[in-house]
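Read through the structure below, which is laid out as structure tokens, and then see the notes.
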Amino acid sequence: MCRLLVKLEPELAAQKLLRVATALDRESLNRAVGCALRRADEETVVDVITAYLSGTETERRIACHVAGWLPIPGIDISLEAAADKKSMIEVRRAALDALYRHREERAIQGLFSAFQLEDDAAHRWAFFVAILEIADPDLLNEPDDSLWLGRILTDELPFAFEHYARETLDRRRRTSAST
């Protein structure tokens, strides 16, 4: 539903989704909102996140959780301010988690680049396994996302890469669904 709203009302989606996320305050919804807003206009999303980071403690905490899924450089400054010691512990923790997720995503992008540039098969496997184990499995399967595996799983690669990716991502989804 979150992605559909971003697709149908891109100008208003961020505001509406953050309002709902704040009202319901559920971790799974925060993740869904963040993942959906990866496809929204960055400037609009930054404006809405920044506004929420100036709101109540709950609004700031939810905005941090959502912002963690958004690889938008401008958000890092706002998250760093939210992680300041003047913030409540829950807001600081959410901001630090979001900043960690951003660093992790940059590292995954680096693994994508290293995989594409590497000629040695053993090194390529190592980069590939690291990508599959670190990145969010749903984002790896999203063609619209910068972390989509289709960017590196080309016809030039042996089928073993695709087969291993499917098995690993299925295992990771089953594991996360059972927790």
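Distance CZ/Arg93 to CG/Asp97: 8.0 Å, rounded to 0.5 Å. To the nearest 0.5 Å, atom CD1 of residue Ile108 and atom OG of residue Ser113 are 12.0 Å apart. The CD atom of Glu59 lies 11.0 Å from the CD atom of Glu57; values are rounded to the nearest 0.5 Å. From Gln116, atom CD reaches atom OG1 of Thr154 across 8.5 Å, with rounding to the nearest 0.5 Å. Atom CG of Leu139 sits about 10.5 Å away from atom CG of Leu149, to the nearest 0.5 Å. Interatomic distance, CZ of Arg3 versus SG of Cys35, reported as 7.0 Å (0.5 Å rounding).
Hydrophobic cluster membership differs between Val91 and Tyr100, with clusters built from Ile, Leu, Val, Met, Phe, Trp and Tyr side chains linked at under 4.5 angstrom. Each of Leu18 and Leu12 belongs to its own hydrophobic cluster when Ile, Leu, Val, Met, Phe, Trp and Tyr are linked at side-chain heavy-atom distances under 4.5 angstrom. In the hydrophobic clustering of this structure, Leu17 groups with Ile72; members are Ile, Leu, Val, Met, Phe, Trp, Tyr whose side-chain heavy atoms approach within less than 4.5 Å, directly or through other members. Under the 4.5 Å side-chain contact rule for hydrophobic residues, Ile49 and Leu5 share a cluster. In the hydrophobic clustering of ILVMFWY residues, with side-chain heavy atoms under 4.5 Å counting as a link, Val48 and Leu29 come out together.
Here the side chains of Trp148 and Leu140 are not in contact, with every heavy-atom distance at 4.5 Å or above. Residues Met88 and Arg60 have side chains in contact (heavy-atom distance under 4.5 Å, counting atoms from C-beta outward). Looking at heavy atoms from C-beta onward, Thr56 lies out of side-chain contact with Thr22 at the 4.5 angstrom threshold. For the pair Asp136/Trp69, a side-chain contact is recorded, criterion being any heavy-atom separation below 4.5 Å from C-beta on. A 4.5 Å side-chain heavy-atom check between Leu70 and Val46 finds every atom pair outside the cut-off. Contact check for Cys2 versus Leu37: no side-chain heavy atoms found under the 4.5 Å cut-off. A heavy-atom distance below 4.5 Å is found between the side chains of Ser78 and Leu53. Side-chain contact between His102 and Ile75 is present, with heavy atoms from C-beta onward closer than 4.5 Å.
The residues Glu162 and Arg166 are annotated as salt-bridged, a charged nitrogen and a carboxylate oxygen being separated by less than 4.0 angstrom. Remark: Arg172 does not engage Glu167 in a salt bridge, criterion side-chain N to carboxylate O under 4.0 Å. One finds a salt bridge joining Asp76 and Arg106 here, because a Lys/Arg side-chain nitrogen approaches an Asp/Glu carboxylate oxygen to under 4.0 Å. Residues Arg31 and Asp138 are paired through a salt bridge, judged by an N-O separation under 4.0 Å between the basic side chain and the carboxylate. Using a 4.0 Å cut-off between a side-chain N of Lys or Arg and a carboxylate O of Asp or Glu, Arg38 and Glu142 do not qualify as a salt bridge. Salt bridge Arg124/Asp119: absent, no basic N to carboxylate O contact under 4.0 Å.
Under the 3.5 Å distance criterion, with hydrogens and angles disregarded, no donor-acceptor pair is assigned to the side chains of Thr168 and Glu133.
Among residues at least two apart or in separate chains, salt bridge (charged side-chain N to carboxylate O under 4.0 Å, His left out) pairs with a member in residues 6-24 are Glu9-Lys16.
Ala40 and Val45 make their closest contact through CB-CG2, 3.6 Å (heavy atoms, listed as atom of the first residue, atom of the second, distance). Contact between Leu132 and Ala165 at its shortest, heavy atoms only, is CD1-CA, 3.7 Å. Between Ile89 and Arg92 the shortest heavy-atom distance is CD1-NH2, 3.1 Å. Considering all non-hydrogen atoms of both residues, Phe128 and Phe161 come closest at CE2-O, 3.3 Å. Closest heavy-atom contact between Gly68 and Arg101: O-CD, 2.7 Å. When all heavy atoms of Val33 and Ala21 are compared, the pair lying nearest together is CG2-CB, 4.3 Å.
Under the rule for a ring-ring contact (aromatic ring centres under 6.0 Å, His included), Phe112 has no partner lying at least two apart in sequence or in another chain. Among residues two or more places apart in sequence or in another chain, the ring-ring contact (aromatic ring centres under 6.0 Å, His included) test is passed with Tyr164 by Trp125.
Sparse packing is recorded around CZ of Arg26, with 12 or fewer heavy atoms of other residues, nucleotides or ligands lying under 6.0 Å away. The environment of Ile77 atom CD1 is sparse: at most 12 non-hydrogen atoms of other residues, nucleotides or ligands sit within 6.0 angstrom. Residue Arg171 qualifies as enclosed at atom CZ: its count of foreign heavy atoms under 6.0 Å is above 12. Within a 6.0 Å sphere centred on CD of Glu27, heavy atoms belonging to other residues, nucleotides or ligands number 12 at most.
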**Item:** CA sep, side-chain torsions, deciding dist, call: Leu157, Leu153, side-chain contact (heavy atoms from CB on, under 4.5 Å)
**Value:** CA-CA 7 Å; Leu157 291 175; Leu153 283 176; 4.0 Å; yes

